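These notes are about the structure you will find just below.
Values in this document were obtained by computation on a predicted structure and should not be read as measured data. In the text below, chain A, chain B and the rest are named by the order of the sequence lines, each starting its count at 1. No hydrogens, no waters, no symmetry mates; every other heavy atom, side chains included, goes into these values.
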Amino acid sequence: MSIEIRNITKTFGDFVALDDVSVGIRPGSLTALLGPSGGGKSTLLRIVAGLETADSGAVAIDGVDATRLPPQRRGVGFVFQHYAAFPHMTVARNVAFGLDIRHRPKDEVRARVEELLRLVHLEQFADRMPGQLSGGQRQRMALARALAVEPAVLLLDEPFGALDAKVRKELRDWLRRLHDQVHVTTVFVTHDQEEALEVADEIVVVSNGRVEQVGSPDDLYDSPASEFVMSFLGPVTMLGGRLVRPHDVELLGIAVVGSVAGVVEGVQRVGNEARIQVGVPGAPSVAAVLTRAALRDLDVRVGDTVWLRLAKGATSMAATPASSPDDAARGAGSVLTGAVSAPR
Amino acid sequence: MLRLVVIAYLVLLVAWPVSLVFTGALSDGLGPVIDTFTDPLVLRALRLTAVAVLWAVVLNTVFGVGVALLLVRRSFPGRRLLAALVDLPLAVSPVVVGLALVLVYGSRNGWLGAPLAQAGVQIVFSTPGIVLATTFIAMPLVLREVVPVLEEVGTDQEQAARSLGAGPWATFRRITLPAIRWGVVYGMVLCLARAIGEFGAVKVVSGNLIGQTQTATLSVEELYMNFDRQGAFAVAAALSSVSIVVIIIVGLLRTRMEKRRGS
């Protein structure tokens, strides 16, 4: 089932959470709303669910205008960051809630709950109370509960945000597999670009209440529409006045045509990755990332002179002329730390 | 050391005096106690108290939960004012409450009471007045217990229920009410205890017509004034037992529920 979001605007007092946002979500896709915290992505999701009302604009779910419909009539399943488990009901009753509300026959409810608990691998926990489950289990229960009513669309608001890194990774893979099984149109909100790139078919980058870009993970990574998208999706550095990714910077031991000379300022090994910082005269330091093997071949140390050039087929874009050298320097600085862990 | 101080304080202020009420009731054996509780006037007073308390608990529970939802879940102009206003009954002396009710509902001069009296409805010096006074003085007790619980529970569960297809009423009954039920029960117990013990406001609005508008607390006073100390203690002991028993039951229920929930 498709979702059409047209010209949605939402303000909280003076704060513009969403500014004339229009997005279409393809039926059966797994879409990530990606962006920094406070950028409006959660608000957008809640407006689609009917948990929040837009100041203006329209939402259509499966071709039906849902702008004025209350949440219980939109056919959406919603999963909250903090699970929103019903603590006074067993896991099975939690999952059955939507079916009970619809007064479905008892046998049908029991069969459906069993099926869903199997799907989320919680069949042996049916009679537990949510308080006895771990965070990851609770979130899987919440997912089963949302799926029970066969929603037209499944909406997840930072579904893994409250979980620790390992469980998070597991649930990510599991959500991807689940979606391949269930095929329900799914939209999830995340501020973690790795999560979006890994799980989603389609990514909508939202920032400052606006849609920055819509596309597949590869589209976005390979041809970002703006400096913001490029730097949000992964680490960036500056080479010859252009914004590039550190792994697209080639380090050479000899001068070639079109290369820039620089002096190695720092070498940091993290597992199989080597992060090299190169000082270039008249420009901010450049960050480059090599594999361990490439570093060994090159055999550079701090103080050595190297030549830098852009790898073939690299993604690059002109840095905005507006950014002063100061900004660029700061940008490059943050890249060096940014290369250690992907920007959040 | 601190524990000793607290225990001594509670014993001197609460446990000892209350236990003396019970021993006082039994000081001359069971005979006079039986006499007291077979006295038709005492029985009528107890029944009137029961009626007033029942109404007060029901009205204050419905009002308390409703207003708590309004205060916590909605934002509207005048919300703060309303929050302050509902605490008023606890701040004002019960005697003043009684007088205020007479001013409004008095059948001779009350600006609402006079027209009502002409229509044949008597409020002051009658059961409705006693119900009103009892309800008034215990008004915020349920509300005050429910508000913090509602705030703590948050709106996620309710929104989840809505997205799963529950309408506002089903959401309230299946999700909100179970979440706040201990707050509601505590509030009801407090309300019950407070309503049973109410004296000042009821005294003003009841007119203390023996056998008609005399509540149990008023009859305790009367028995005491007429030198029937044992009778007074007996009724007083009965009143406090009710509250104590209810509080114990709630305590037991709560422990059991928490064990079951495993949290």
Checklist line | Option passing side-chain contact (heavy atoms from CB on, under 4.5 Å) with A:Leu18 (candidates A:Thr11, A:Thr43, A:Asp55, A:Thr9) | finding: A:Thr43

Margin query: For chain B, which candidate among A:Gln72, A:Arg73, A:His82 shows the most heavy-atom pairs at distances under 4.5 Å?
Written below: A:Gln72

Next item on the list: Would you mind telling me which of A:Val149, A:Leu51, A:Leu99 has the largest number of heavy-atom pairs within less than 4.5 Å of chain B?
Entry: A:Leu51

Margin query: Does this structure show an ion pair linking B:Glu158 with B:Arg162, if we count only N-O contacts that are shorter than 4.0 Å?
Written below: no

Margin query: At a 4.5 Å cut-off on heavy atoms, which part of A:Phe80 comes close to chain B: side chain, backbone, both, or neither?
Written below: side chain

Checklist line | Beyond-backbone contact of B:Val86 with B:Phe63, side-chain heavy atoms, under 4.5 angstrom | finding: yes

Checklist line | Residue part contacting chain B, namely of A:Arg74, when any heavy atom lies under 4.5 Å | finding: neither

Item checked: Residue B:Arg73 excluded, over 12 heavy atoms near CZ under 6.0 Å -> yes

Next item on the list: Name the region of B:Ala166, side chain, backbone, both or neither, that has any atom closer than 4.5 Å to a heavy atom of chain A.
Entry: both

Notebook entry, point to check: Picking from A:Gly77, A:Pro151, A:Pro71, which has the most non-hydrogen pairs under 4.5 angstrom with chain B?
Noted result: A:Pro71

Notebook entry, point to check: Does A:Arg145 make a cation-pi contact with A:Phe86 (under 6.0 Å, within 45 degrees of the axis)?
Noted result: yes

Note to self: Under a 4.0 Å threshold between the charged nitrogen and the carboxylate oxygen, would A:Arg110 count as salt-bridged to A:Asp107?
What the structure shows: yes

Item checked: Portion of A:Ala148 that has a non-hydrogen atom of chain B nearer than 4.5 angstrom -> neither

